[in-house]
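Input: a single structure, listed below in structure tokens.
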Amino acid sequence: MKTVHLTFPDGATKEFPASVTALDVAKSIGPRLAADALVARVNGRLVDLLTPIEEDAPIQFVTPSSPEGLQVYRHSSAHLLAAAVLELFPDAHPGVGPPTETGFFYDFYREKPFTEDDLAKLEAKMHELVTADLPYERVYYDKDEGLKLFKEKGEFLKCELIQEKAEPLFSAYKTGRFLDFCRGPHIPSTGRIKAFKLLSVAGAHWKGDEHAYPLQRIYGTSFFTEKELQEFLHQIEEAKKRDHRRLGKDLDLFSIQDDAGAGLIFWHPKGGVIRKEIEDWLREELVARGYDLVFTPHAMRLHLWETSGHTSFYRENMFGPMDVENDQYQLKPMNCPGHILIYKSRVRSYRELPLRFAELGTVYRYERSGVMHGLLRVRGFTQDDAHIFCMTEQLEAEVQACVEFAFSVLRTFGFDRYQVELSARDPNDAAHYAGTDEEWNRAEGALKNTLERMNIPFKVMPGEAVFYGPKIDVKLVDAIGRPWQLTTVQFDFNLPRRFGLEYVGADGKLHTPVMVHRALLGSIERFFGVLIEHYAGAFPLWLAPVQAVVLPISERHSAYARDVAEALRKAKIRAQLDDRNEKLNARIRDAQLQRVPVMLVAGDREAAANAVAVRRRDTGDQGSRPLDETIRWMRELIDSRASKW
RNA sequence: GCCGGCGUAGCUCAGUCGGUAGAGCAACGGUUUCGUAAACCGUAGGUCGGGGGUUCGAUUCCCUUCGCCGGCUCCA
């Protein structure tokens with residue numbers, strides 16, 4: 001009898017009869033493993049537990065404890081969904097259904113849209129199919145024969161996929177009524193799926209192409225245990241509570257108004273205070289780090305944007321030009337050309353480089369109507385923009401300084417986790433990028449060197465570069481683990497050439513400088529939105545629009561409370577007196593709901609001792625303390641811009 | 001832009017199978033003067049997102065437009 005030798009992760013090798021399945025191997029080790037195993041990794045490839053093994057190979061079982069186990073599990077969950085859909089809606093045509101970071105989805109073509117009620121019915125059907133414990137059966141088809149079969153079933157989307165992607169002999173998976181062109185692997189049967197939920201139905205397009213068939217995408221998620229599922233659902237609820245659009249309204253920070261138009265932000269007084277604090281900090285830092293602050297016009301002649309290349313590369317993101325006295329003017333979508341004009345306003349010497357022009361520059365970009373989202377995606381926004389003009393040999397130091405600056409931003413605003421990405425060109429798509437291979441290699445090398453020298457772990461993202469140069473992106477991770485891309489440091493050897501930038505070198509000859517384009521917060525609007533969600537509206541003292549509210553216990557304490565508020569304001573603390581005719585409890589509640597960090601209660605005892613009873617937003621009543629001591633305490637926290645206190 | 005859902009008082013929402021609307025909270029007035037998360041009574045508040053159509057009559061049905069929400073695509 002033919003045998004195969006399988007090597008386990010611990011190095012042990014065992015002999016099995018040929019065509020043994022991974023499931024049998026698992027059983028031979030123990031019933032617990034056989035029950036836990038989802039798929040197996042044989043010879044480096046993930047395979048079904050029921051796939052016969054014909055050759056000697058290393059073998060490893062994939063269990064729920066590994067990330068790829070969860071991926072497979074969710075992929076199988078998507079098949080379960082499709083099987084349920086075909087039971088209840090035979091007129092639906094499956095498209096694709098992969099696992100995602102938080103669950104899975106499946107796309108269908110169907111004349112009638114799915115409703116929320118349909119989701120409940122589908123979930124019930126899925127539970128039925130789990131109880132029925134249907135196998136995920138792997139079958140093979142010859143390409144022509146399989147194509148014919150899918151055509152007969154009317155699965156035109158699957159046919160397209162098979163035509164494009166299938167090997168001459170391709171695999172498919174059968175689960176109940178659902179047959180899918182699929183590479184696999186899958187878990188053994190639907191009975192293994194323990195906890196799942198369908199979350200929403202949304203529109204999508206076949207292959208993500210907006211001109212292709214409109215599809216309906218059903219989103220769901222699944223976990224190995226009900227407890228994990230409930231935790232996940234709870235997390236979604238928590239995220240909703242932090243929604244900056246909700247908090248922006250509740251805390252009166254900003255608004256977006258129909259009368260003005262979509263994607264245009266009105267900063268209310270309280271949001272304005274926070275913006276001013278952010279900007280003040282930023283300007284101080286810019287000056288300290290050798291930047292020059294500049295201001296440039298919001299609209300400039302159109303021809304400038306032709307020179308920069310924006311009219312050809314960026315047209316679909318620009319508002320239309322406006323006629324001005326036989327000439328055309330363009331609302332600026334970026335600040336670079338303005339800064340370049342300042343550079344060009346006179347002859348530059350190598351001695352002045354690097355020149356760092358910074359501007360809180362407000363730009364307007366045309367965004368398609370469906371993409372706006374609160375503060376995170378708008379049509380008018382202010383970038384904390386800067387352009388650094390320097391010599392090639394200064395480049396690495398400048399990039400390093402930018403990245404260090406970015407980290408200082410993160411720390412200041414209480415973010416302690418981040419991810420760094422190096423966006424490089426796609427080596428197989430040279431036509432897509434301006435500049436020579438040599439320039440690109442040098443640019444990417446410079447960015448990579450800098451990150452390595454700084455000991456910063458990063459991921460290289462091929463194909464993610466901008467057309468004019470590679471970039472470093474810093475994604476911060478917020479209080480509940482969501483990544484946000486704000487900081488970008490981009491290398492640009494395109495614009496200096498287009499505008500004919502020069503400097504006189506030590507050799508007395510003219511040279512072309514290189515340019516670094518960087519934004520740290522990205523846009524003030526987006527950053528504010530992220531900040532609101534990060535802090536869930538409970539801003540640290542230095543950012544809080546109202547830093548303290550003074551609460552007299554009854555009317556006879558109003559005069560003293562007014563003095564307290566006055567003293568705080570003299571110390572430049574944003575204090576408000578709340579002497580409304582409401583019970584103390586009600587006023588405390590209002591202050592808590594407004595996330596006011598410090599409440600100062602003033603009653604008989606306090607008035608007699610020139611003191612205040614301090615109540616903190618987070619830890620509650622702190623008891624009576626002298627007023628001057630309290631002011632010192634607050635001033636210190638504000639001046640140090642403490643993000644935690 | 002595309003697919004689907006939605007737009008009623010400042011906010012959250014109910015309601016009218018076509019006969020021009022209601023609650024809670026907020027606001028305002030009064031009573032109450034209170035020690036750490038909602039006192040009580042009363043008053044006022046709506047061109048039912050805008051425009052057009054059908055109809056004796058439209059907030060309700062149809063069309064269109066603007067905006068919002070969930071996605072797709074794109075992005076700071």
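Worth saying up front: this structure is predicted, and the values here are computed from it rather than measured. Basis for what follows: all heavy atoms, side chains included, without hydrogens, waters or symmetry-related copies. Residue numbers start from 1 in every chain, and the chains themselves are labelled A, B, ... in the order their sequence lines are given, proteins ahead of strands.
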Whole-angstrom distance between [N] and [M], as gauged at atom [atom1]:
{"N": "B:C6", "M": "B:G29", "atom1": "C1'", "value": "37 Å"}
{"N": "B:C28", "M": "B:A44", "atom1": "C1'", "value": "7 Å"}
{"N": "B:G51", "M": "B:U43", "atom1": "P", "value": "33 Å"}
{"N": "B:U8", "M": "B:U60", "atom1": "P", "value": "13 Å"}
{"N": "B:C17", "M": "B:C74", "atom1": "P", "value": "46 Å"}
{"N": "B:C63", "M": "B:U54", "atom1": "P", "value": "15 Å"}

Item checked: Residue met sooner reading RNA chain B from 5', once A:Arg246 and A:His557 are mapped to nucleotides ->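 Checking each residue's closest nucleotide, the 5'-ward one belongs to A:Arg246.
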Next item on the list: On RNA chain B, check which nucleotide each of A:Gly261 and A:Gln490 is closest to and give me the residue with the more 5' one.
Entry: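 Closest to the 5' end, via its nearest nucleotide, is A:Gly261.
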Next item on the list: Could you label the plane-to-plane angle of the A:His387 and A:Phe389 rings as parallel, tilted or perpendicular, counting under 30° as parallel and over 60° as perpendicular?
Entry: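 Ring orientation, 0 to 90° scale: tilted.
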Notebook entry, point to check: Which of parallel (below 30°), tilted (30 to 60°) and perpendicular (above 60°) describes A:Phe528 and A:Trp267?
Noted result: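 A:Phe528 and A:Trp267: parallel rings.
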Next item on the list: Would you please determine if the base of B:G71 is stacked by A:Tyr219, with stacking meaning a centroid separation under 5.5 angstrom and planes under 30 degrees?
Entry: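 Aromatic stack with B:G71 absent for A:Tyr219.
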Please report the distance, rounded to the nearest Å, between [atom1] in [X] and [atom2] in [N].
{"X": "A:Glu582", "N": "B:G29", "atom1": "CD", "atom2": "P", "answer": "12 Å"}
{"X": "A:Met334", "N": "B:C75", "atom1": "CE", "atom2": "P", "answer": "11 Å"}
{"X": "A:Glu555", "N": "B:U31", "atom1": "CD", "atom2": "P", "answer": "11 Å"}
{"X": "A:Arg315", "N": "B:C74", "atom1": "CZ", "atom2": "C1'", "answer": "18 Å"}

Next item on the list: Classify the side-chain pair A:Gln383/A:Ser523 by whether it contains a donor and acceptor separated by less than 3.5 Å.
Entry: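 There is no such pair between these side chains.
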Margin query: Under a 3.5 Å threshold, yes or no: a donor from one side chain and an acceptor from the other, between A:Thr382 and A:Thr362?
Written below: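 A:Thr382 vs A:Thr362: donor-acceptor pair found between side chains.
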What I want to check is whether an N or O donor and acceptor connect the side chain of [X] with the base of [N] at under 3.5 Å.
{"X": "A:Glu367", "N": "B:G1", "result": "no"}
{"X": "A:Arg526", "N": "B:C75", "result": "yes"}
{"X": "A:Arg556", "N": "B:U33", "result": "no"}

Heavy atoms under 4.0 Å, any strand shown: does [X] hit a base, just sugar-phosphate, or nothing?
{"X": "A:Gly203", "value": "base"}
{"X": "A:Ala262", "value": "sugar-phosphate"}
{"X": "A:Asp250", "value": "nothing"}
{"X": "A:Asn585", "value": "sugar-phosphate"}
{"X": "A:Val378", "value": "base"}

Mind checking who [N] pairs with, Watson-Crick or G-U wobble, both distances under 3.5 Å?
{"N": "B:C17", "value": "none"}
{"N": "B:G4", "value": "B:C69"}
{"N": "B:U31", "value": "B:A39"}
{"N": "B:U12", "value": "B:A23"}
{"N": "B:U60", "value": "none"}
{"N": "B:U47", "value": "none"}

Notebook entry, point to check: Would you say A:Ser308's side chain and A:His310's backbone share a donor-acceptor pair under 3.5 angstrom?
Noted result: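 Looks like yes, one N/O pair under 3.5 Å.
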Note to self: For A:Trp484, does the six-membered ring have the charged nitrogen or CZ of A:Arg526 within the cation-pi criterion, i.e. under 6.0 angstrom from the centroid and within 45° of the normal?
What the structure shows: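 No, A:Arg526 does not sit over the ring of A:Trp484.
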Checklist line | Cation-pi, A:Tyr364 ring and A:Arg379 (6.0 angstrom, 45 degrees) | finding: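 No, A:Arg379 and A:Tyr364 do not form such a contact.
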